[in-house]
Amino acid sequence: MSNGTVIYYGGFALPDKSASANRVVSNGKLFSALGYRTVFLGVSDDGGFKIKKIGENMFVLPRAKSSKEWFERMTDVSILENIIKENPDTKAVILYNSPFLTLLRFKNALKKKNIRLIYDCTEWTGGTDGSYLKKAFKKIDEYFIRNFAGRAADKMIVISSMMEKKYENHVPCVRIPPLVDISDSIWRQEKQNDENKFVFCFAGVPDGKKESLDAVVKAFASLKDENAMLRIVGVTREQFVKLYPEIKIDGNVIFEGFVSHAQAVKFILSCDCYIFIRESDRRNNAGFPTKFAESFTAGVPIITTDVSDVKEYIEKSGNGAVLSSTDEKEIAEAMRKQIRGVKQDCFLRSDFDFRSYVHKTAELFGSE
C-alpha cells in the first residue's frame, strides 16, 4: 500500500544524463522502499514542447532558452500544481537545488495545500554560465540558499556534514550522500583489465575549476612510467587542450570523451586506481563528489584530496590515499605508491547503496 506521492522537481537531465539525475533517481528508489511513489519533473535540451513524459513517473520541461524564460520558470507554480492535481495523494514536493525565489514561491503555494516542501541541497556555488544578469543573480542566490534555505523549507536533504551543521539548528535535516543501487546491472559488468599496465582513471568534467585535472595530468607525466596509463572519461583531447594549452600530454593518457553512465561505471570498475583532485574550498567541502561514491562502491583504491566527507570513508576502508594539497609532487608520489603495491581483487561495497539509508530517511517523512 502506498503512503502517497512525492514530487521531485529541479534542473536534472533525466533519466541518467547527469550526476544530478542519478542522485534523484537513486533517492526515488529510497523513497519507494519507504512506501512512497516518486514523480520526477526535470529538464531536457530538446525543444518543441512544454512538458513531455519520457518514462514511468518521469517528465521533462524544455530548458529555459532566454533570461526571460529562466525568470518565468523560477516563479511559475502552474506546472507543479497540475502535477499535484493528477496526483491528489501528494505528501511532499522536493526541490533540487532550486533558486531561493522558487523555494519561497513554492512554499507559499504548498502551504495552502498542506503539502510539505523539502529542499535537496547539494551545492553552494555562485558560478554559472550565461548573461551578466544571470551570473549576478546566481551569486546573490547562493548567499540566500546558504544562509536562509533552512529557514524557508519545511525539511532539508543535505549532501555533506558541512551543510548539515549549517542548517540543522533551523530545520530538520537528513544527510544523504550520492547513492547507488548495487543490484543494478551496471555494477555487474565484466571488467576489462589491462594486465600489462597499471590503469589510473578520472571521470568527470572540469566544471568551473572544481576539478584540478591539470595537476593530475602533470603528476602522471612526471612518473615517466611506460607501464602506467591514465584514462580520462568525460573529456576529449581537444577539450583538454583548449582548457590547458600549456600542458604537454603524455602518450599514455587516453581520453574517452563523453560516455554513458553505464560505460563510465565500467571504466571505474576496470581501473586499478581512481583519482580525483580538488581544492579544499567552501564549494568542494559543501558538496560531495558523485564519482567518489561510485569509485568507493567499485572497491578500487582512490587517490583524492581531503574535501567534504571523503576522508572518513578512505580511513574506514584503508584503500587509497587522502592528500593534503593539490601539489603535483604529492600526487605523483601517491601514484607511485599505488603502482608499487600489490594489485588486489576489488569487491563491491554497500556504504552508498540506497538500502543503507532507508532507516535514516524515514525521519524525512515523519512528523515534525
Side-chain angles (χ1 to χ4, degrees), residues 2-64 70 73-74 76-99 102-103 105-107 109-110 113 115-123 153-159 174 176-181 183-186 260-262 290 293-294 352-355 357-358 361 364-365:
S2 174
N3 288 327
T5 295
V6 173
I7 298 173
Y8 226 135
Y9 179 95
F12 36 83
L14 296 168
D16 61 353
K17 298 178 182 178
S18 64
S20 55
N22 293 329
R23 173 176 176 78
V24 300
V25 169
S26 292
N27 285 357
K29 293 180 179 180
L30 180 57
F31 305 152
S32 178
L34 290 166
Y36 294 89
R37 171 176 167 267
T38 305
V39 173
F40 302 91
L41 179 57
V43 296
S44 171
D45 289 321
D46 298 333
F49 55 83
K50 290 186 176 181
I51 186 169
K52 181 179 180 180
K53 186 173 183 178
I54 63 167
E56 185 179 0
N57 301 334
M58 285 189 179
F59 302 84
V60 291
L61 290 165
R63 201 181 295 274
W70 175 66
R73 182 72 58 80
M74 277 193 293
D76 182 14
V77 297
S78 62
I79 295 174
L80 177 67
E81 288 179 332
N82 288 335
I83 292 179
I84 291 173
K85 286 179 181 179
E86 295 174 3
N87 299 277
D89 63 342
T90 298
K91 303 298 182 185
V93 171
I94 304 178
L95 292 183
Y96 177 84
N97 285 340
S98 296
T102 305
L103 173 56
R105 286 281 290 134
F106 281 32
K107 174 67 178 294
L110 296 177
K113 303 177 186 297
I115 295 174
R116 183 171 294 157
L117 180 62
I118 301 170
Y119 192 85
D120 183 4
C121 193
T122 72
E123 63 178 21
D154 294 317
K155 291 195 175 184
M156 290 192 68
I157 300 172
V158 296
I159 203 167
V174 177
I176 304 177
L179 301 179
V180 301
D181 179 0
S183 70
D184 193 292
S185 60
I186 65 171
S260 68
H261 182 229
T290 298
E294 293 180 346
F352 293 100
D353 184 72
F354 77 88
R355 297 166 187 83
Y357 279 78
V358 171
T361 309
L364 195 66
F365 301 106

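Residue numbers run from 1 in the order of the sequence given.
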Intermediate values then yes/no, side-chain contact (heavy atoms from CB on, under 4.5 Å), V93 and I118: CA-CA 6 Å; V93 171; I118 301 170; over 6 Å; no
Non-neighbouring partners of S20 that pass side chain to side chain contact (heavy atoms under 4.5 Å, CB included), sequence neighbours left out: F12, S18, Y96
Using side-chain heavy atoms (C-beta onward) and a distance below 4.5 Å, is I51 in contact with L41? yes
Sequence neighbours excluded, which residues qualify as salt bridge (Lys or Arg N to Asp or Glu O under 4.0 Å) partners of K107? D154
Among all residues two or more places apart in sequence or in another chain, which pass the side chain to side chain contact (heavy atoms under 4.5 Å, CB included) test with S260? A262, Q263
Test item: N97 side-chain N/O and T122 main-chain N/O as donor-acceptor pair under 3.5 Å: yes
Judged by atom type as modelled, is there a donor-acceptor pair below 3.5 Å linking the side chain of S2 to the main-chain atoms of G4? yes
Contacts of type side chain to side chain donor-acceptor pair (under 3.5 Å), residue S78, not counting sequence neighbours: D76
Is there a side-chain contact between L95 and F106 (heavy atoms, below 4.5 Å)? yes
Contacts of D16 meeting side chain to side chain contact (heavy atoms under 4.5 Å, CB included) (sequence neighbours excluded), chain-then-number -> N22, H261
Contacts of type ring pair (Phe, Tyr, Trp, His ring centres under 6.0 Å), residue F354, not counting sequence neighbours: none
Give a yes or no answer on whether the side chain of T102 reaches the backbone of M74 with a donor-acceptor pair at less than 3.5 Å. yes
Please identify each residue that fulfils ring pair (Phe, Tyr, Trp, His ring centres under 6.0 Å) with Y357, with sequence neighbours left out. none
Of the non-hydrogen atoms in A21 and P15, which two are nearest, and what is the gap between them? CB-O, 3.8 Å
Surrounding NZ of K29 (heavy atoms of other residues, nucleotides or ligands, distance under 6.0 Å), is the total greater than 12? yes
Under the rule for side chain to side chain donor-acceptor pair (under 3.5 Å), what residues qualify as partners of D120, not counting sequence neighbours? Y8, R23
Kindly indicate whether the side chain of S44, heavy atoms from C-beta on, has any atom under 4.5 Å from the side chain of K52. no
Taking side chain to side chain donor-acceptor pair (under 3.5 Å) as the test, write out the residues that go with N57, two or more places apart. R37
CZ of R63 to CH2 of W70: how many Å apart, nearest 0.5 Å? 13.5 Å
Could you report the tightest heavy-atom contact between N3 and K91, atom names first, then the distance? O-CE, 3.3 Å
Going from CD1 on I7 to CG on N87, what distance comes out if it is rounded to the nearest 0.5 angstrom? 5.5 Å
Checking F352 now: which residues fulfil ring pair (Phe, Tyr, Trp, His ring centres under 6.0 Å) with it, not counting sequence neighbours? F288, F296, Y313
Roughly how far, to the nearest 0.5 Å, is OG1 of T5 from CD of E86? 11.0 Å
Evaluate V25 against L14 for side-chain contact (heavy atoms from CB on, under 4.5 Å), listing each step before the verdict. CA-CA 9 Å; V25 169; L14 296 168; 4.3 Å; yes
Which residues satisfy the side chain to side chain contact (heavy atoms under 4.5 Å, CB included) test with S26, sequence neighbours excluded? L179
For P88 versus K85, what's the shortest heavy-atom pair and its separation? CD-O, 3.7 Å
I94 side chain reached by V6 side chain, heavy atoms, under 4.5 Å: yes
How long is the span from the CD1 atom in I79 to the CZ atom in R73, to the nearest 0.5 Å? 6.0 Å
Which residues share a side chain to side chain donor-acceptor pair (under 3.5 Å) with D353, sequence neighbours left out: R355
Point-to-point distance, once rounded to the nearest 0.5 Å, from CG of N27 to CD1 of I176: 5.0 Å
Gap separating the OH atom of Y36 from the CG atom of L364, nearest 0.5 angstrom: 9.0 Å
